[in-house]
There are 2 protein chains.
Amino acid sequence: MAKQLKKKIDQTTEEKIKIAARKLFTRKGFAAVKTRDIAEEAGINLALLNYYFRSKEKLFKLIMEESFLQFVKGIAEQFNDENTNIDEKIEKLVESYIDLFSQYPDLPLFILSELREHPDAFSSRLDAVTGISRSVFVKQIREAMKNGVYPEMHTFHFLANMMSLIVFPFIGSPMLMKITDISVKQYQEMIQERKKMIPIWIKAMLKSNAYKLIK
Amino acid sequence: MAKQLKKKIDQTTEEKIKIAARKLFTRKGFAAVKTRDIAEEAGINLALLNYYFRSKEKLFKLIMEESFLQFVKGIAEQFNDENTNIDEKIEKLVESYIDLFSQYPDLPLFILSELREHPDAFSSRLDAVTGISRSVFVKQIREAMKNGVYPEMHTFHFLANMMSLIVFPFIGSPMLMKITDISVKQYQEMIQERKKMIPIWIKAMLKSNAYKLIK
DNA sequence: GTCTATATTCTGATAGAC
DNA sequence: GTCTATCAGAATATAGAC
């Protein structure tokens, strides 16, 4: 307790501003956040924001960059691990992302919104993501389909389905909680349940042979 | 051709403004859109915006309301149709939403963002949505689980999974296209494929018995 | 490094002519 | 109904004292 309190007090002004900015930007986006909001949230003077980060836009890009890194961090390694099989990769991926988003629930919508409005802003950082299509993971999947372990399914559908099952409960939480009339506590339990259920569902979808059934 | 052209010319100023506002608001959100942007996009004078809609906020709320209605329109009827079974309901729902979002790709992210930032702004309109939990559809699902046709699964997971599979390819399209390196044309084909595949996947997930497997 | 006061630009809205 | 010109307030950024 004392430690955490101390840590908060020990934060440099620069850190305070970044923390406040991250909170507000990820929640409301660039345009909806005023520099005064950030200053107030951080408990500092407005002028200090420009002193440390030159401009609102520069601060935003910094936060953006860091959030994006957080988003893709670990993907490359997990996707290219030669020592784990498909099932293990899926399980690891699902778990680490659900943990990440449980801690930062606004992160997915923020990234997706930004990527939608500025699709080319991340071409540099997106290398890690683009590499996915050439990753060990995708190769393993394709191999398994060739060998008949899994029926054919385009990588697009596979990745879309996996990401959607992980991400949607976070970006749609207000709607889902309202519709199903559950408490915050129950919601969090559901999210935890999904760590084990999503891998099972993904395998079930893979095996469903949907590609041939629709022809 | 002539007809469509004529229609565009025949649009009243009020309609022009609404169309421009819908396009920009759904794409960038309230704060990021300037009234001058709307006026330019609509090809009209800035003053006319206030003449017709009084203020930016009133115009936004109008667009919001209409978009939300578009989003929930038809749900209530489809969910409460006594003459269709579970499978038919899922198929209809998936198809009509994929068609809707194909036409308005920015709609899902817009609604989800708004609902996240102003969870209570739609309590009135959300009745239609809230009614889902008491709908014939949900009753049919629960019935099927009781009778052993389907294994047990919480409504939260069922709805979350169904919505996610429909919605995510639209809100994550830039990322997905980049990762899987497909063209816009291929992307649209994938989306169309999903109309038939999602119902199959949903059934496969239902039957996977994930709930018992995780215990 | 931090603050107060202020400059500057942007933005929503309106007045008044046509 | 539509336009030009303009106002009032908001929001970003900086100057200069401490």
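We name chains A, B, ... by the order of the sequence lines, and we start the count at 1 in each one. Quick caveat: nothing in here was measured; it's all calculated off a predicted structure.
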Scan side-chain atoms only and decide if [X] and [Y] contain a donor-acceptor pair under the 3.5 Å cut-off.
X	Y	result
N161(B)	R194(A)	yes
T35(A)	K56(A)	no
K73(B)	Q70(B)	no

Expressed in angstrom and rounded to an integer, what is the separation of [X] atom [atom1] from [N] atom [atom2]?
X	N	atom1	atom2	result
L49(A)	dT4(C)	CG	P	16 Å
I17(B)	dA13(C)	CD1	P	13 Å
I44(B)	dC3(D)	CD1	P	8 Å
K34(B)	dA13(C)	NZ	P	12 Å
L48(B)	dG12(C)	CG	C1'	15 Å
L24(B)	dG12(C)	CG	C1'	16 Å
D37(A)	dA13(D)	CG	P	14 Å
N45(B)	dT11(C)	CG	C1'	15 Å

OP1 or OP2 of dG1(C) less than 4.0 angstrom from a side-chain nitrogen or oxygen of T13(A), does that happen here?
-> no

Whichever of R36(B) and E14(B) has its nearest DNA chain D nucleotide further upstream toward 5' =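 Final value for this comparison: E14(B).
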
Classify the angle between the aromatic ring planes of H157(A) and H154(A) as parallel (below 30°), tilted (30 to 60°) or perpendicular (above 60°).
-> perpendicular

When you get a sec, tell me which of dT2(D), dT14(D), dG12(C) is the closest nucleotide to the side chain of A47(A)?
-> dT14(D)

May I ask you to say what L46(B) touches in the nucleic acid, namely base, sugar-phosphate or nothing, with a heavy-atom cut-off under 4.0 Å?
-> base

Closest heavy-atom contact between N80(A) and S135(A)?
-> OD1-CA, 3.3 Å

Please test F60(A) against F53(A) for ring pair (Phe, Tyr, Trp, His ring centres under 6.0 Å), starting from the C-alpha separation and ending with a verdict.
-> CA-CA 9 Å; F60(A) 179 76; F53(A) 300 96; over 10 Å; no

Check DNA chain D against residues 50-63 of chain A and give the residues with a non-hydrogen atom under 4.0 Å, in numerical order.
->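 Nucleic-acid contacts, sorted: N50(A), R54(A), S55(A), K56(A).
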
Looking at CD1 of I38(B) and CZ of F25(B), how far apart are the two atoms once the value is rounded to the nearest 0.5 Å?
-> 4.0 Å

